[in-house]
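Right, one structure below, let's go through it.
Convention: sequence-line order gives letters A, B, ...; per-chain numbering from 1.
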There are 4 protein chains.
Amino acid sequence: MYDYALCVNRIPVGVLGASGYAGRELCGLIARHPGFALAFATANEQRGERLRVGTSDITFMASDNAPLGEASIVFCALPHGTSAAWVARARDAGCKVVDLSSDLRPGNGGTLRAAYGMPELGDATRCAIRSADVVANPGCYPTSVLLAVAPLVAAGLVADDATIIANSASGVSGAGNSPKRELLFAEVADDFRAYGVGNTHRHVAEMRATINALGSGAEILFTPHLLPVARGILTTLTIPLTEFVADPLQPYREAYGSEPFVEVTQDQPALRDVLRRNVVRVSAVMATGTRRPTAIVTSALDNLVKGAAGQAVQNANLMSGFDECIGLPA
Amino acid sequence: MYDYALCVNRIPVGVLGASGYAGRELCGLIARHPGFALAFATANEQRGERLRVGTSDITFMASDNAPLGEASIVFCALPHGTSAAWVARARDAGCKVVDLSSDLRPGNGGTLRAAYGMPELGDATRCAIRSADVVANPGCYPTSVLLAVAPLVAAGLVADDATIIANSASGVSGAGNSPKRELLFAEVADDFRAYGVGNTHRHVAEMRATINALGSGAEILFTPHLLPVARGILTTLTIPLTEFVADPLQPYREAYGSEPFVEVTQDQPALRDVLRRNVVRVSAVMATGTRRPTAIVTSALDNLVKGAAGQAVQNANLMSGFDECIGLPA
Amino acid sequence: MYDYALCVNRIPVGVLGASGYAGRELCGLIARHPGFALAFATANEQRGERLRVGTSDITFMASDNAPLGEASIVFCALPHGTSAAWVARARDAGCKVVDLSSDLRPGNGGTLRAAYGMPELGDATRCAIRSADVVANPGCYPTSVLLAVAPLVAAGLVADDATIIANSASGVSGAGNSPKRELLFAEVADDFRAYGVGNTHRHVAEMRATINALGSGAEILFTPHLLPVARGILTTLTIPLTEFVADPLQPYREAYGSEPFVEVTQDQPALRDVLRRNVVRVSAVMATGTRRPTAIVTSALDNLVKGAAGQAVQNANLMSGFDECIGLPA
Amino acid sequence: MYDYALCVNRIPVGVLGASGYAGRELCGLIARHPGFALAFATANEQRGERLRVGTSDITFMASDNAPLGEASIVFCALPHGTSAAWVARARDAGCKVVDLSSDLRPGNGGTLRAAYGMPELGDATRCAIRSADVVANPGCYPTSVLLAVAPLVAAGLVADDATIIANSASGVSGAGNSPKRELLFAEVADDFRAYGVGNTHRHVAEMRATINALGSGAEILFTPHLLPVARGILTTLTIPLTEFVADPLQPYREAYGSEPFVEVTQDQPALRDVLRRNVVRVSAVMATGTRRPTAIVTSALDNLVKGAAGQAVQNANLMSGFDECIGLPA
């Protein structure tokens, strides 16, 4: 199945910003990856600390000490706003880069050219990733929203004047591991609430720009919520269609029939089906009793895997000429 | 504050179906209520078992043994479908009834005449409850949806061709305490999923009929979700408005300014704000970046209190001529 | 039941350190207390912020601005080590003080004289509290341990050379609400671990000194654990006895027969039985198959109520000549 | 690393009782195992239902239809009491058996001869497993207790008159997935309690017999607790030693230095370190302030992996002449 010859000469990769939840997940995936070897991992605030990954320990170093030249690919998991500069630095050192921040994503006005790292959007996207020097790894919410929207757009079922309503609920790891009072266990336990209400979340621009790039004029209205679980995102979308569709799963089966990391299911997607796996699970149902034909689409993913580190490795696999699936838990 | 003279001659009340979560909550509220005294509590499957309420124990009896004649008011917390017959029986015995099932609710085609027990819908509703012999206690989801919708309808802001999208997430107690595999802790923990997708939940009829009764032709599209918490419902509504509204909280303040059990807040309502309290908390924000003016309204309540037992006691207070608030945790 | 004349002239009380979990709980209890009125609440880091308690808001002020002279009783909920100085300041201003820190507790070498605020230890203790100017409110773990140990000591069942093994598990609120990475939801969820292993927890001295003060030479070996719940402490004690006891609950019934805040039960105490209530629930079972007669005693309490704020109000009730129970959820 | 030649001719294995949590975990491990292929999986109550394991589906059949003759090894995950008969049936059909019930374990008086499947107890045990036709897979609690006790016994540090106090806390999956009211999410959430108090748990006999078989006269006093998490067991042991030991981890390093599935750590073991991994993590600390030298030993494991299905596969690996580690997440 795997090409174990890969193991002989693993590609050296580095992780900038390895102490956050996405960074740690990345280090774990790289440690188990047959084609990559971890050259370095940086974490300024936690430099000197050690992280157990697989059967060995790694020690975080300061970003300024990162031996960029020793890595062929650099994963940049730094905070939004500070990432773009490091992407440029890594490029100057001759590295290819997968950037997990929002800095270079569609709609975020980056000046660096980056391919958008959502291979399942189609052949053109996947091709662009394969030949890219820099890939903007998609946001967790946009991944859950866009992979649920794209097949209906591709099938011509979404009118240009449609408003897509997306309600997402995310586990707390999505908010990062910087110590904040509102993220303490005793604050989040037994609670649930919306935030970023009114279409104000940073990820809306990425969703909007990508829906546009798909050729649709539909607009998005996105409301995220904070779930009392550690990981996972479930998104529920209400999408008015141009016509009634007898089998709303059909466009998804067509779009994703050969995709290894999308599962189209009759059953409602649930967080537990996708945790620690690099997959999006998606389902669709036609609403009854509405004047206009409307699909209720639901999607589930692990925000740290398919929503961040797993998708980043998937992109790095493509950029390295590897089988897209190696080293990824599906 | 309270009229403690009430205590001298408490009104005897009975609970049919006292072993479910709503029934137990009811028994607890009644035990602490200054104007009611528990005459009996039935639970067929658990007959003979004891329940600690406040400082004393009650013993569940079989429904057939319930001394209906000894109660002035009967709370009927039996399963949907089996409740209406017991309401009739209690009426025959001369009792007033608050029915917590869906049997007599709007849109559920009951043949018994019942007032709809949501006092905050306005003076007419509250008046009808005061003089009613039978009150249909609203469903938990409809309470969270309708109290969030009504003020906008009253303000003339919801067009008749509007589609109101309501996404709710409920704690597991909402599914009752009959042992089912899918409700086991090890199944629900760390999970989140939608159910009843496609506008098929039993409560949709109640929402639809009530929105209609409010004089609106708007339609509802409702998707419930199962939260990994014991109690609480958060509902997020997307409501297209006829015009842009500078302060979307204003209609809520007008409608609920003197309501003791509705809290209109700038902050996003959260489950923890409402747990074990007989309140609905509601907020509203105008969406940015949409073609049509759209409000995002969020509401939170405790499904066992304002969503069931607390609202039932509130209704019984009105039916008894008591202050609406006595015995209720606000 | 209550003396409602109290309400007319409520006793003004202040809270130093009101933003922590115990401080917030205290403010909530005081807001609902018929005999106390909140004169001020301080919180240096969160000064200016508002806290909703009951139906009104309070605003935190800096400690240095606290009008100590306006309060008859001051609750001191400041961090360990910084509290004693404030107790002295409040005493100088003529206030009685209930100190929730460990500074003045038995075994902690305080120089101020303070009564130990665990009324259920017996008449002498309760008397001392009634007439005290300063009460050292017990720690949460010591309350759960000592109320489980004392009746067996009083009955002469614990040998002086016995080692009492106490294993406790506490909800996360016990660690306070300062933002720390290890207390984040995503770190604590699904986890359980011991800490302070080897009898090194700060509370051991308080337990040891109090067991000694009860006249016993028995030693204690205490291991706390962190539970993935917001509140509650369950303690499991293994206590070798001098003789076999047919009914190990008997000493507890004798000691606590008339105590309003201790529940002696045949059933195993569980966190849910005690949450948000000012009670300790305790049970005891003789072990089978051991060479030496050994009791397994278990106790449960809410660390923020009977383990902190509730017990503090109970002590303040005694110091004020009130019924011990007023204003407390039992 | 792995011998991939194994894959060519996988050994057919069957699972009796595949619908429980341990059975499902087993099916998942077998699906990913390079040397085993699943021949059948039975589940009487859920026969006909399908379980997704890895990339394929399996369908549960009735036990009576199990083609025992097609399997070389049968895993028996049936309820205690009903398992032994099926072990005999599988033996008659020529299968080797790993029995996950307590029926054949030490102290449970089985008449069938079975090796005790805890390889880390030492060379003799591991040898016996290698050549056994029937292996009694240890209980989850006994695994967590005995692997924490054995090294101290081997080092001669536990006196024959010692009482070992073991307090364990287990996730809810340990109670199985039969629908019971007390295991519902809404019952277990936010709760914690002891059960089987007084040394009465079924697993005590297994612990006692094994400690005896290790040559020690020490007795055990075991108290389990129910944790509000899905999986994991943490055990805290208090073990009086014959002498003070400067480094209590030393006996563990000696016993487990080359064990792939035991991790001896300075840090306190935590559930999250071991979830979904076939490991026991163990640590030890000397208590301060006790008259007699006493070690506090803590161990953590995943009750469904090292405490059940993982250990069963580990045993089957040994019985098959495979590397002990293949197919197991460490």
Side-chain angles (χ1 to χ4, degrees), chain A residues 161 163 165-167 169-171 187-200 204-205 208 219-223 225-238 240 248 267-273 275 283-292 294-298 300, chain B residues 161 163 165-167 169-171 187-200 204-205 208 219-223 225-238 240 248 267-273 275 283-292 294-298 300:
Chain A
D161 68 346
T163 300
I165 311 290
N167 280 266
S170 171
E187 299 296 318
V188 175
D190 302 326
D191 198 17
F192 187 62
R193 69 180 73 196
Y195 69 98
V197 176
N199 224 19
T200 62
V204 172
R208 200 179 273 148
E219 67 182 9
I220 184 99
L221 205 174
F222 171 67
T223 309
H225 299 72
L226 187 65
L227 262 184
V229 304
R231 25 162 102 200
I233 287 178
L234 189 92
T235 295
T236 303
L237 301 108
T238 309
D267 290 342
Q268 280 302 309
L271 292 194
R272 22 182 61 208
D273 297 328
L275 294 184
S283 191
V285 171
M286 292 304 292
T288 64
T290 55
R291 284 181 281 254
R292 195 171 166 179
T294 306
I296 309 294
V297 187
T298 45
Chain B
D161 68 345
T163 299
I165 312 289
N167 280 265
S170 170
E187 298 297 317
V188 175
D190 302 327
D191 198 17
F192 186 62
R193 70 180 74 196
Y195 68 98
V197 176
N199 225 19
T200 62
V204 171
R208 201 179 275 147
E219 67 182 9
I220 184 98
L221 205 174
F222 171 67
T223 308
H225 300 71
L226 187 65
L227 262 184
V229 304
R231 24 162 101 202
I233 287 178
L234 189 92
T235 295
T236 303
L237 300 108
T238 308
D267 290 343
Q268 279 303 308
L271 292 194
R272 20 182 63 209
D273 297 328
L275 294 183
S283 191
V285 172
M286 292 304 291
T288 64
T290 55
R291 284 180 282 254
R292 194 171 167 180
T294 306
I296 310 294
V297 186
T298 45

Please work out whether the ring planes of A:Phe192 and A:His225 are parallel, tilted or perpendicular, with thresholds of 30° and 60°. parallel
Whatever's closer than 4.5 Å to a heavy atom in chain B on A:Ala194 counts as both
Hey, does the side chain of A:Arg272 reach the backbone of B:Ala189 with a donor-acceptor pair shorter than 3.5 angstrom? yes
To the nearest 0.5 Å, atom CD of A:Gln268 lies from atom CG of A:Leu234 at 8.0 Å
Contacting region of A:Leu226 [heavy-atom separation from chain B under 4.5 Å]: neither
Backbone of A:Arg291 reached by a side-chain donor or acceptor of B:Glu219 within 3.5 Å: yes
In terms of heavy-atom pairs under 4.5 Å with chain B, the winner among A:Leu227, A:Thr223, A:Thr163, A:Ile220 is A:Leu227
Side chain, backbone, both or neither: which part of A:Ser283 has a heavy atom under 4.5 Å from chain B? neither
Which portion of A:Thr290 sits near chain B, non-hydrogen atoms under 4.5 angstrom: both
Is it the case that the side chain of A:Asp190 and the backbone of B:Val229 share a donor-acceptor pair, with hydrogens and angles ignored and the cut-off at 3.5 Å? no
Is it the side chain or the backbone of B:Asn167 that comes within 4.5 Å of chain A heavy atoms, both, or neither? side chain
Looking at B:Leu271, B:Thr236, B:Leu275, which one has more heavy-atom pairs under 4.5 Å with chain A than the rest? B:Leu271
Among A:Val285, A:Asp273, A:Thr288, A:Ile296, residue most engaged with chain B (heavy-atom pairs, under 4.5 Å): A:Thr288
Identify, with sequence neighbours excluded, every residue that meets side chain to side chain donor-acceptor pair (under 3.5 Å) alongside B:Asn199. none
Quick one: pull up OG1 in B:Thr238 and CZ in A:Phe222 and give me the separation to the nearest 0.5 Å. 12.0 Å
For the interface with chain B, which of A:Thr294, A:Thr298, A:Ile165 has the highest count of heavy-atom pairs at distances below 4.5 Å? A:Ile165
Which of B:Ala287, B:Pro228, B:Pro269, B:Ala284 touches chain A most, by non-hydrogen pairs under 4.5 Å: B:Ala287
